[in-house]
Amino acid sequence: MQQSDRGLRLSFSTSYDGLMLKQIQAVHVPDGRAIDVRPLLHIVEDILSFAAPSGDAIVETGKQATGTEAFQHQTNYQTNITDMLETLSFLIDRISIEMARKCSETREEHATTMSILSMVSNYPWDAKLVIALSAFAVNYGEFWLLAQCYTSNQLAKNLAILKQVPGILQHSTMLKSRFDTIKDLITAMLDIAKCLVEFKEIPSNYVTEDVAAAVSAAMDHIPVAIYWTIRSMLATASQITGLSGSENEFLSSLESWELSSLVHKLSTMHSHLVGLLAICHKQIDERKFIEAYQNLQYLFNAAQIDNIKVLKALINPKDDPLPLVDGANKKRVSVDVLRKRNVLLLISDLDILQDEVVILQQIYEESRRQSNSLDQNPYELVWLPVLDSSVSLSKIKQRIFENLTATMTWFTLRHPALLNRAVFKFIKEEWGFEQKPIVVVLDPQGRVTCSNAIHMMWIWGNLAFPFTIAKEDALWKAETLTLDFLVDGIDPVILKWISEERFIFLYGGEDIEWIRNFTHTVKTAARACGIAMEMVYVGKRNPKENIRRNMAIINEEKLSHCLPDITAIWYFWIRIESMWNSKHQLGKADENDPTTQEIMTLLSYDGGEGYSQQRCLTSDLLSNSLFFTTGTSA
């Protein structure tokens with residue numbers, strides 16, 4: 001025993017690892033067989049998780065073993081693993097017997113470890129470790145299954161008595177520190193195994209020079225990491241075997257040091273391997289990002305039979321079977337619901353205004369009322385929330401996202417993380433998305449017919465369908481900038497006054513005293529001239545709480561008429577702004593164009609904040625710059 005102890009102390013040195021590497025590689029003679037051990041690793045992980053030795057888990061017997069979630073989770077792997085186990089079951093059984101026998105008879109961990117490595121000599125590195133871990137899980141899982149079931153199952157009770165399990169449970173509190181150390185060691189073993197499987201799964205077509213260098217560096221450490229992970233299995237198995245003895249409540253200082261040292265050693269190895277794996281993933285992710293971006297460019301430039309390929313590349317690059325939520329019933333649906341439809345992509349961040357959502361809702365619902373059936377709906381609207389994919393979604397942003405989707409009756413992406421970095425870049429660089437919402441229009445073949453139709457939607461609503469540049473140009477040719485066009489159904493009262501050929505003043509501003517003086521002056525002048533004059537308060541762009549207060553005072557004091565609500569004020573100004581943007585998008589925002597000049601004049605009235613600016617507005621207003629009668633231009 002003393003000789004084994006001295007060997008153990010020596011074995012934890014780095015120089016010993018170097019000597020061991022040649023011995024490990026000498027028994028590595030792979031025969032080229034390909035084996036995917038991830039399904040097997042999933043089952044091993046489940047076994048070790050549900051058999052985790054904690055004092056609480058043992059005292060509360062039966063809870064871990066009866067969970068239906070565990071059963072359902074494990075059945076997911078059964079289809080993939082059946083054929084594999086037919087090949088590996090005998091080998092796993094041999095190794096589990098070797099582990100149990102050697103742990104009972106001797107403490108020659110090195111010899112036993114090398115024996116196990118010889119048994120798996122023909123397998124690749126990741127498979128060696130997962131197969132050995134499977135054998136360990138068989139013994140370990142059987143032991144804790146008895147510990148969990150012996151009070152509720154007579155067969156388990158009898159077997160547990162033979163293995164002295166009840167005695168172990170009686171000392172569970174005293175043994176808690178040992179259980180906790182074992183649990184940490186098993187976690188470290190699993191971490192090493194998962195890391196090795198990830199190295200094995202690196203796709204060969206993404207192995208660049210940097211990736212190859214990182215993999216090569218990892219291979220210098222992987223054999224030794226496997227050796228020490230198997231040594232850790234043997235140390236853990238010895239502890240479990242020792243629990244059945246009469247002195248199980250005692251843990252010698254050497255045994256305690258051995259377990260803790262193994263946890264530290266495996267954790268250090270894992271950290272180094274994870275660092276190398278991170279280098280590989282970074283390089284691979286960059287290659288995949290470039291490929292995904294180039295694929296998007298290709299798809300949108302190539303002729304398509306329908307729109308599914310481009311929509312999947314945009315909406316579903318991660319192959320989620322149900323990436324969308326139908327806003328009408330809040331059920332998840334596939335991209336196929338958009339096949340061969342006109343699709344409007346509403347692209348925004350989480351700062352989209354509630355006013356924008358409300359007006360879009362009205363336009364969208366109107367399009368539904370105008371059609372007789374789902375198949376006859378002119379278009380489908382899909383919200384793509386664009387967020388930086390490198391930053392995880394905070395709880396606050398998650399709540400904002402959920403609140404927004406709850407108000408939308410059109411299709412929405414089920415989670416912002418489904419849009420990858422390549423899509424994010426494509427939307428910004430190809431479609432010019434910055435901060436303000438845009439609506440990209442795709443025809444049934446997935447072709448972009450308008451890179452931003454939101455201005456058309458604000459100005460003409462569904463009259464602009466199919467929201468093409470040609471349609472936008474045709475609408476402007478038929479349009480005159482009159483008051484009824486500016487109001488366009490925002491306020492039925494104004495339309496009534498227009499039909500009655502009354503004179504109408506539109507005015508804005510934030511200073512309520514200025515508003516009181518202005519409305520009094522206009523009313524006095526109108527009475528003196530015998531003119532039927534109406535005034536309408538239109539607030540300003542981006543109305544805030546002070547505009548809401550002004551509206552309440554104006555209505556209470558009957559100073560003038562107001563647009564119906566804050567949303568109507570926002571819509572009034574966003575339509576004027578959209579008129580300029582629409583002209584600019586068409587390349588017709590010429591300063592010599594009369595319509596463009598009038599739009600710019602209207603926007604200039606909203607340019608200031610202070611009292612002096614409002615004084616300037618007064619003189620403009622009194623000179624009839626914002627004075628409308630039926631059929632006259634602004």
Side-chain angles (χ1 to χ4, degrees), residues 353-356 358-359 481-484 486-498 500 502-580 597-630 632-634:
L353 299 175
Q354 189 59 40
D355 292 328
E356 292 171 314
V358 168
I359 300 301
L481 193 63
T482 58
L483 180 56
D484 55 349
L486 285 179
V487 177
D488 190 40
I490 294 175
D491 190 344
V493 173
I494 298 177
L495 296 179
K496 179 175 178 293
W497 289 341
I498 291 173
E500 294 172 354
R502 298 192 186 194
F503 293 97
I504 301 171
F505 251 122
L506 303 183
Y507 74 98
E510 294 183 278
D511 190 323
I512 192 62
E513 289 304 319
W514 177 88
I515 290 171
R516 287 187 176 109
N517 293 334
F518 172 75
T519 53
H520 174 73
T521 300
V522 172
K523 287 178 181 178
T524 301
R527 281 195 298 269
C529 296
I531 298 174
M533 177 77 70
E534 302 294 347
M535 288 180 290
V536 181
Y537 179 66
V538 295
K540 64 176 296 179
R541 276 186 290 183
N542 303 317
K544 298 180 181 177
E545 191 57 35
N546 55 342
I547 300 296
R548 193 189 305 274
R549 286 195 299 268
N550 285 351
M551 293 171 69
I553 293 170
I554 291 168
N555 287 327
E556 182 181 355
E557 297 180 10
K558 295 182 172 54
L559 300 178
S560 74
H561 181 68
C562 294
L563 291 181
D565 50 41
I566 284 289
T567 299
I569 285 179
W570 172 86
Y571 190 34
F572 173 82
W573 286 105
I574 199 65
R575 287 187 73 252
I576 297 174
E577 184 179 335
S578 294
M579 291 174 194
W580 189 89
Q597 288 179 343
E598 291 167 348
I599 292 169
M600 293 175 67
T601 300
L602 288 170
L603 290 173
S604 71
Y605 291 132
D606 188 56
E609 289 275 349
Y611 180 75
S612 61
Q613 296 274 355
Q614 291 169 331
R615 292 280 298 184
C616 181
L617 274 175
T618 305
S619 97
D620 286 339
L621 287 165
L622 292 179
S623 66
N624 290 347
S625 292
L626 261 179
F627 182 63
F628 291 91
T629 58
T630 305
T632 62
S633 296

Side chain to side chain contact (heavy atoms under 4.5 Å, CB included) assessment of Trp573 paired with Val538: CA-CA 8 Å; Trp573 286 105; Val538 295; 3.9 Å; yes

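- One finds the CD1 atom of Ile359 at 7.5 Å from the CD1 atom of Ile490 (value rounded to the nearest 0.5 Å).
- Closest approach of Cys562 to Val536, counting heavy atoms only: C-CG1, 4.4 Å.
- What you find for Leu495 and Asp484 is that their closest heavy atoms are CD2-CB, 4.2 Å.
- Listed by chain and residue number, Asn550 satisfy the side-chain hydrogen bond (donor to acceptor under 3.5 Å, both in side chains) test with Tyr537 (two or more places apart in sequence, or in another chain).
- In terms of the side-chain contact (heavy atoms from CB on, under 4.5 Å) criterion, residue partners of Arg516 (sequence neighbours excluded) are, by chain and number, Ile512, Glu513, Ile553, Glu557, Leu559.
- Applying the salt bridge (Lys or Arg N to Asp or Glu O under 4.0 Å) definition to pairs two or more places apart or across chains, those involving residues 569-579 are Lys436-Glu577, Asp488-Arg575, Arg541-Glu577.
- Judged as a salt bridge (charged side-chain N to carboxylate O under 4.0 Å, His left out), and not counting sequence neighbours, the contacts of Lys496 are Glu500.
- Nearest heavy atoms, Phe518 versus Met535: CE2-SD, 4.4 Å.
- To the nearest 0.5 Å, the span separating CD1 on Ile504 from CE on Met533 amounts to 10.0 Å.
- Taking 4.5 Å as the limit, every side-chain heavy atom of Thr482 sits out of range of all side-chain heavy atoms of Ile498.
- Residues passing the side-chain hydrogen bond (donor to acceptor under 3.5 Å, both in side chains) test with Glu534, sequence neighbours excluded: Arg502.
- Here CD of Gln354 is found 14.0 Å from CD1 of Ile566. Values are rounded to the nearest 0.5 Å.
- Residues Leu353 and Val358 form no side-chain contact, since every pair of their non-hydrogen atoms from C-beta on lies 4.5 Å or further apart.
- For Asp491, the side-chain hydrogen bond (donor to acceptor under 3.5 Å, both in side chains) criterion is met by His561, not counting sequence neighbours.
- Ile574 contributes atom CD1, which lies 9.5 Å from atom CG of Asp355 (distance to the nearest 0.5 angstrom).
- Heavy atoms only, all atoms of each residue included: Gly508 and Trp514 are closest at O-CZ3, 3.0 Å.
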For a side chain to side chain contact (heavy atoms under 4.5 Å, CB included) check, start with the C-alpha distance between Val522 and Thr519, then their side-chain angles and the critical distance, and finish with the verdict. CA-CA 5 Å; Val522 172; Thr519 53; 5.9 Å; no

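- Scanning all heavy atoms of the two residues, the minimum distance from Lys558 to Lys523 falls at O-NZ, 3.1 Å.
- Checked against side-chain hydrogen bond (donor to acceptor under 3.5 Å, both in side chains), Ser578 has no partners two or more places apart in sequence or in another chain.
- The line from CD1 of Ile576 to OH of Tyr571 is 12.0 Å long, rounded to the nearest 0.5 Å.
- For the pair Leu486 and Phe572, the tightest heavy-atom approach, listed with the atom from each and the gap, is O-CD1, 4.1 Å.
- By the side-chain contact (heavy atoms from CB on, under 4.5 Å) test, Asp565 pairs with Thr567, Ala568, sequence neighbours left out.
- Applying the salt bridge (Lys or Arg N to Asp or Glu O under 4.0 Å) rule to pairs touching residues 542-553 yields Glu545-Arg548, sequence neighbours excluded.
- Here OG of Ser560 is found 12.0 Å from CZ of Phe505. Values are rounded to the nearest 0.5 Å.
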